[in-house]
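For reference, the structure is listed below as structure tokens.
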Amino acid sequence: MENLSSFEKPYNSKEIESKIYQIWEKSGYFNPDNLPATKNPEAKSFCIMMPPPNVTGTLHMGHALGMTLEDIMIRYHRMKGDKTLWLPGTDHAAIATQAKVEKEIYKKENKTRYDLGREEFLKRVEEFAKTSHDAIIGQIKAMGASCDFSREAFTLDEKRSLAVRTMFKKMHDDGLIYRGNRIVNWDPKGGTTISDDEIVYEERETKLYTFRYSKDFPIPIATTRPETKLGDTAVAVNPKDKRYKNYINKEYDADFAGAKLHIKIIADEAIDPAFGTGAVGVTPAHSVIDSEIAQKHGLPMIQVIDERARITAGKFAGKKINEARELIVNELKENGLLEKEEIIIHNIATAERTGGVIEPLPKLQWFVKTAPLKDLMRKPVETGQIKIIPDYFTKTYFHWVDNLRDWCISRQIWYGHRIPVWYHESKCVPIPGRENETSQCEEISVGEEKNNCGHCGAKFIQDEDTLDTWFSSALWTFSTLGWPSENEQLKIYHPTDVLETGYEILFFWVARMVMMAGYALGQIPFRSVYLHGTVRDSQGRKMSKSLGNIIDPLDIAGKYGTDAMRMALISGAGPGTDMKISEEKIKGYKNFANKIWNIARFVLENSKNAEGDVSEKKDKELLKEFEELKNNITTDIEEFRFSQAGEKIYHYIWHRFADIIIEESKPVLKENRTAKTSKQILLQKILMGSIKLLHPFMPFITEEIYQQLPIADKKLLMIEKW
RNA sequence: GGGCGUUUAGCUCAGUGGUAGAGCGUCACAUUGACAUUGUGAAGGCCGCUGGUUCGAUCCCAGCAACGCCCACCA
């Protein structure tokens with residue numbers, strides 16, 4: 001009460017927010033070990049692992065939305081008296097971070113990573129990652145996130161590296177990780193392989209050429225990529241196709257653009273007789289499907305394109321593929337071999353991070369064998385052990401699991417977890433890039449650093465490649481809790497309770513966490529998956545640099561207050577649904593913050609010294625009504641209806657409490673009877689109750705009001721009983 | 001090509017088998033107030049279209065359309 005003077009008007013979010021956050025941090029209550037409620041051995045645990053933001057820059061509105069939703073759940077459970085842990089962290093995001101730094105260095109110094117060398121380049125990336133990390137942590141705090149920084153993790157720190165190495169070895173020992181020479185997605189721009197999920201398809205107009213390899217070749221074929229035809233070893237037709245029946249199993253030699261081709265005509269059910277000429281030139285080295293056909297029919301594989309996307313065979317060897325394509329087409333025209341040229345709309349595969357056009361190439365890489373792990377991913381979702389919200393995403397999830405191929409996990413980039421495998425330096429077993437050199441001893445060391453081969457004594461060197469960043473992210477729910485050490489933390493908090501993330505990484509991340517936790521711990525990683533949508537601008541467009549419509553969460557929070565931003569983000573959008581955000585909307589919630597502020601001032605001023613209980617019947621009814629609201633909101637939060645919960649408390653405070661209850665109390669407060677006291681107590685109670693209900697949504701202003709109230713035995717609103 | 005989602009007031013979105021809801025915006029009036037950011041009230045809807053189930057459908061079912069998203073190796 002004596003603090004009344006500091007109840008300034010209007011509400012000043014900026015000053016109060018940084019002050020309040022410091023108080024919270026100092027209290028130590030972000031750490032569940034310090035929570036008074038959790039001293040109770042009966043206390044339940046509640047745990048969320050923060051999806052680690054990439055250290056590629058700063059946080060955007062999507063992060064702000066996620067943080068807000070997570071903080072709502074965390075604050076609610078903390079107030080409820082659960083042993084509540086929200087563990088924060090960041091992701092090294094291997095390829096994304098490396099690509100970003102490479103780009104910057106090239107722009108500033110006109111140098112590539114190869115110019116700098118591995119060591120120096122990594123130093124630069126780490127510097128960048130550190131700066132980025134620090135900025136991100138600052139942002140997380142500014143958003144009011146009540147996470148436990150004493151447990152902060154990084155996907156590339158020492159503990160997580162141990163988890164990665166351990167998992168790699170375990171899976172290798174179980175035959176779930178293998179090295180194989182297979183067609184992989186090669187990104188010539190990034191100079192690395194990528195997984196199927198990192199491919200983005202782009203619709204483009206492409207020319208479809210119909211031609212013959214040579215004059216005396218009996219069957220014309222169609223292709224969009226004549227330059228790959230230098231590596232053809234067969235032509236496949238449908239066995240039922242009458243046109244080609246007589247040719248099946250015959251073999252032909254052809255001179256095609258300076259390459260001597262030996263083509264076998266084969267029959268395969270997969271060929272669609274209606275497309276093109278109904279005959280497909282099979283290029284085993286440069287197409288996944290062709291390599292499968294080749295395997296089935298025992299055809300040889302001839303690589304004709306290298307890692308720099310240059311042709312390596314025929315008379316155009318050394319030319320870039322686009323150039324070679326033109327030259328080959330010209331030659332076909334000159335020789336009268338080109339029968340048709342038409343424009344079709346075609347999906348071309350590009351790399352998500354670099355935009356490079358994917359070149360399928362045969363390469364020796366590390367893979368996770370997914371077939372034996374599919375059940376681990378499918379079952380818990382099928383049985384409802386893991387609940388995906390909204391539930392229609394389960395269908396998408398199953399579809400992905402069912403169609404999953406082996407996961408290529410090795411990358412030819414430098415930033416990331418180095419593959420924990422050591423080979424003989426003296427070329428005993430195939431070494432990447434030196435596949436042709438072998439010797440007697442085939443010892444390798446997996447998961448364990450060794451200087452020398454225990455078998456033949458030869459010197460060992462480590463694999464040059466690094467792991468797909470999603471391999472380390474997949475361990476996140478338990479690597480953060482100290483796995484592989486079997487400790488108390490892991491027992492208390494795993495499985496975690498909720499995974500809150502954007503729907504766009506359902507496959508990249510969510511499914512793989514289910515796989516890894518199931519495999520390593522025999523547990524589900526989380527009980528519920530809450531998927532939020534994309535935050536778009538007021539016109540519904542995605543926010544992007546090129547459109548210039550990016551709203552920076554820090555700017556907004558500074559301008560309107562973090563509380564207002566949080567409310568605006570979670571209102572009006574359910575799970576899985578994209579939402580539009582505009583400054584207008586945020587401004588509306590800033591007004592709301594001011595409204596509450598003034599409600600608190602009014603109540604404080606008008607209920608000084610009032611003690612006792614509500615005595616009037618009408619007031620008791622109003623309290624009962626409030627109880628009902630509280631129950632409704634509690635259910636909404638428990639059932640992940642955050643938007644509705646937020647709107648209910650908003651509506652109650654403004655249009656019920658302020659507009660009606662307070663307005664109607666004004667004449668009563670002028671009287672001097674028990675009715676007045678009853679009303680005063682009522683106002684106090686509803687105010688206190690309201691700021692509690694609102695706290696998870698708007699933590700700063702509610703905490704500040706709480707601190708201003710004359711309460712006996714005052715602590716922090718953050719840990720007040722829900 | 002396969003799958004998923006959305007369609008309700010000018011805008012953003014809730015919602016229920018029984019005559020349609022909120023916020024913002026608009027309009028009118030009031031207001032120096034706990035409130036620079038206030039209040040009261042009003043206008044505004046074939047609840048995408050066509051059928052079916054039902055006493056009754058915005059809701060359930062079928063089909064269609066538009067928009068959006070995801071997946072896929074048609075060469």
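Just so it is clear: chains get the letters A, B, ... in the order the sequence lines come, proteins before strands, and each one is counted from 1.
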Interatomic distance where [atom1] belongs to [X] and [atom2] belongs to [N] [whole Å]:
| X | N | atom1 | atom2 | answer |
| --- | --- | --- | --- | --- |
| A:Asp391 | B:C4 | CG | P | 13 Å |
| A:Ile596 | B:C35 | CD1 | P | 16 Å |
| A:Asn238 | B:C74 | CG | C1' | 13 Å |
| A:Arg601 | B:U37 | CZ | P | 15 Å |
| A:Tyr589 | B:C35 | OH | P | 24 Å |
| A:Glu664 | B:U40 | CD | P | 11 Å |

> What about A:Glu663, does its side chain sit under 3.5 Å from the base of B:A34 through a donor-acceptor pair?
Replying inline: yes

> Is there a donor N/O on one and an acceptor N/O on the other, under 3.5 Å, for the side chain of A:Lys395 and the base of B:C4?
Replying inline: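 Per atom types, no contact qualifies.
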
>> Run the ring pair (Phe, Tyr, Trp, His ring centres under 6.0 Å) test on A:Phe256 and A:Phe211 for me, step by step, so that the C-alpha distance in whole Å, both residues' side-chain angles and the decisive distance to 0.1 Å come before the verdict.
In response: CA-CA 11 Å; A:Phe256 176 71; A:Phe211 72 100; 5.7 Å; yes

> Where does the angle between the aromatic ring planes of A:Trp654 and A:Phe592 fall among parallel (under 30°), tilted (30 to 60°) and perpendicular (over 60°)?
Replying inline: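 A:Trp654 vs A:Phe592 ring planes: parallel.
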
> For the residue pair A:Phe393 and A:Tyr503, does the interplanar ring angle fall in the parallel (under 30°), tilted (30 to 60°) or perpendicular (over 60°) class?
Replying inline: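 Answer is parallel, since the angle falls under 30°.
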
Span that lies between the [atom1] atom of [M] and that of [N], in whole angstrom:
| N | M | atom1 | value |
| --- | --- | --- | --- |
| B:G44 | B:A28 | C1' | 15 Å |
| B:G18 | B:C49 | C1' | 24 Å |
| B:C69 | B:C35 | P | 48 Å |

> So what is the 5' to 3' dot-bracket string for RNA chain B, if pairs are Watson-Crick or G-U wobble with both distances under 3.5 Å, crossing pairs use [ ] and | means the partner sits on another strand?
Replying inline: (((((((..((((....[..)))).(((((.......))))).....(((((..]....))))))))))))....

For [N], take OP1 and OP2 only and decide whether either is under 4.0 Å from a side-chain N or O of [X].
| X | N | result |
| --- | --- | --- |
| A:Trp654 | B:A22 | no |
| A:Lys590 | B:U37 | no |
| A:Gln644 | B:G15 | yes |
| A:His655 | B:G23 | yes |

>> Does A:Lys676, at its NZ atom, have more than 12 non-hydrogen atoms belonging to other residues, nucleotides or ligands within less than 6.0 Å?
In response: yes

> How about A:Tyr530 and A:Phe642: are their ring centroids closer than 6.0 Å?
Replying inline: yes

> Hey, do the aromatic rings of A:Phe626 and A:Tyr652 have their centres closer than 6.0 Å?
Replying inline: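 Yes, the ring centres sit under 6.0 Å apart.
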
> Hey, which of these two, A:Asp196 or A:Asn594, hits RNA chain B nearer its 5' end, going by closest nucleotide?
Replying inline: A:Asn594

> Pick the nucleotide of RNA chain B nearest each of A:Tyr201 and A:Tyr11; which residue has the one closer to the 5' end?
Replying inline: A:Tyr11

> Can a cation-pi geometry be assigned to A:Arg566 and A:Phe697, taking NZ or CZ under 6.0 Å from the six-membered ring centre and within 45° of the ring axis?
Replying inline: no

> Counting any heavy atom closer than 4.0 Å, what does A:Tyr503 reach on the DNA or RNA strands: base, sugar-phosphate only, or nothing?
Replying inline: nothing

